[in-house]
Protein chains: 2
Amino acid sequence: MNTLEEVNDFVHHGHQEYLPHVSIDPVIFGYYQQKLKILLLRWKGLDGWGLPGGFIKRREPLSQAAYRILHEKTNLSDLFLQQFHVFGDSPYRVQERSGREYKEKFGLEVEPDNWLLERTLSIGYFALVDYSKVSVTTDYFTEDYYWFDVSDIPPLLFDQNETVEKALLTLRLQIYHQPIGYNLLPEKFTIPEIHTLYETILGKELDQRNFSKKLIALGLIKKLDERRSIGAHRSPFLYQFEKEQYEQALQEGIMHTY
Amino acid sequence: MNTLEEVNDFVHHGHQEYLPHVSIDPVIFGYYQQKLKILLLRWKGLDGWGLPGGFIKRREPLSQAAYRILHEKTNLSDLFLQQFHVFGDSPYRVQERSGREYKEKFGLEVEPDNWLLERTLSIGYFALVDYSKVSVTTDYFTEDYYWFDVSDIPPLLFDQNETVEKALLTLRLQIYHQPIGYNLLPEKFTIPEIHTLYETILGKELDQRNFSKKLIALGLIKKLDERRSIGAHRSPFLYQFEKEQYEQALQEGIMHTY
DNA sequence: AATTATTCCGTAAATTTTACGCATTGTAAA
DNA sequence: TTTACAATGCGTAAAATTTACGGAATAATT
């Protein structure tokens, strides 16, 4: 959706292709320089940051819609994606951003009963992606994008701050029962790297010795015969996820602390 | 909705009052005679059992809609209610039950583009209720109701068997992190009662001595000075939930096994 | 060659979970 | 009335897991 013509078609006829009243709003987590980041888009004219959301096509399975939207924005196909909550306790959140803005910012005439101005429930997804592999695609509505540190999220459009908070909470709870990291780290990683990742996500210190002991005992990672040459000091060994064990743990869950 | 006139109005004008494309489908758990039960309704004419679902009013917060629907069906106001998943991977599930049936069973003419025949996402909720306090309200669409044992659920309409399975799975996972029982048991209960409840939900045996030790150690229940006179044998003491501790555990979660 | 920062192996203490033994109590059967 | 039985309820010991931490080894820097 890059030309004004396409946008105009979307605004006035989008409800024929997409299901109205429901949007998908993904919180995309990436990990970079030992910080947990979230991808946000700046909406043109709205003077605000928001999640890279989208709509469900009328004959498209829900989970497929979520993957499509993620793929459109990040050009990634290998990612962890999970639904976590439906937000719909503020029925008026979209109307408030009235049709006036469409006219002022885009010069578009929008009827008061336009589908985009109606009440919309928001299905929250969270995604874990390899930061280095993401190439963000922007469109007509999108002015800019930026990876924000989770500890430094700006005020977001509508009630999306709540969405981000709940996504983070869900991620932190989930890390106790499911392995996390496959989609946040490069294929080969060092113990200090995955250790810092977990500390970052959980926001607390974890004893490195016990942590690696645990991961190896669970059979989730295996040591390789290579080392990573970091700038100074001793080269740490590289590790890799045991794909099978990892998948199994994703399915069955694990019961433990780190 | 008890008269044909009301039903006719709902079918033809319901989309003015309710949000189309989204339904709320609650899985209502009750506990009776040491069995975990689910409340299902038999839909008139459709020859099938289904969840007691409903729609969201256009200006009604989502969570309020869920409470309203539960209240309408069970006449309960004190219950545990939680959203757990949105189902929408079978886009055609409603269309299949075409408008023909409305005509055959109810004598209603339904246009092919009627809102009730369009694709509908289903927001799954699960509720825990005190079986003995429920009085089921049926309406024009509802022929019968029955509390089914969870181990004996019949084939349900649409893909609601998946909904029930996921609800049960969620309940079983959740019981490890949150106290459960306040809404499933009477106010005062015995150790054997709550013990059997947990065994029933988890579907496995739990050492009674360690189980009660745990609950008391967590400060979740307190012993009363009364006993319950069961038919035979020694009268067991009654216990009660510590409301404050219980609420706190609901908020913060507990990390343990039983 | 000495210094320093970091990796990484191992062990001991503390805590938690699990497994049961058995006295107690109240009803039912003999 | 006595005996038998079934279920409650308390306590303790063994097993397993988690937590804490000492210190050797390594590799770049000075």
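This is a predicted model, so every value here is computed, not measured. Every heavy atom of this structure was used, including side-chain atoms; hydrogens, water molecules and symmetry mates were not. Each chain gets a letter, A, B and so on, in the order the sequences are listed, and its residues count up from 1.
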Flag for Asp25(B)-Thr163(B): side-chain donor and acceptor within less than 3.5 Å: no
Closest listed nucleotide, where the reference is the side chain of Arg227(B) and the choices are dA19(C), dG9(D), dG26(C): dG26(C)
Spacing of Ile194(A) atom CD1 relative to dC8(C) atom C1', expressed in whole Å: 16 Å
Interatomic distance where CG belongs to Asn210(B) and P belongs to dC20(C) [whole Å]: 11 Å
Nucleotide dA7(D), atom P - distance to CD of Gln34(B) in whole Å: 11 Å
Residue that, paired with Tyr125(A), satisfies side-chain contact (heavy atoms from CB on, under 4.5 Å) out of Ile28(A), Leu70(A), Ile24(A): Ile24(A)
Lys NZ or Arg CZ of Lys44(B) over Phe141(B) ring: under 6.0 Å, within 45°: no
Nearest-angstrom distance from the residue atom CD of Glu193(B) to C1' of dG9(D): 16 Å
Selection from dG10(C), dA28(D), dT7(C) that lies nearest to any side-chain heavy atom of Gln208(A): dT7(C)
Atom-pair distance (CD on Glu205(A); P on dA20(D)), nearest Å: 11 Å
Distance in angstrom units between Phe211(B) CZ and dG9(D) P, rounded: 13 Å
Side chain of Lys213(A) (C-beta onward), nearest among dC20(C), dT19(D), dT7(C): dT19(D)
Length of the CG-P vector between Asp225(B) and dG9(D), whole Å: 13 Å
Contact under 4.0 Å: Lys214(A) side-chain N or O vs dT18(D) OP1/OP2: yes
Whole angstrom value for the distance that separates C1' of dT18(C) from CZ of Arg209(B): 10 Å
Under-4.0 Å side-chain N/O to phosphate OP1/OP2 contact, Lys223(A) with dC9(C): yes
Parallel, tilted or perpendicular, as decided by the 30° and 60° cut-offs, for the rings of Tyr131(A) and Tyr32(A): parallel
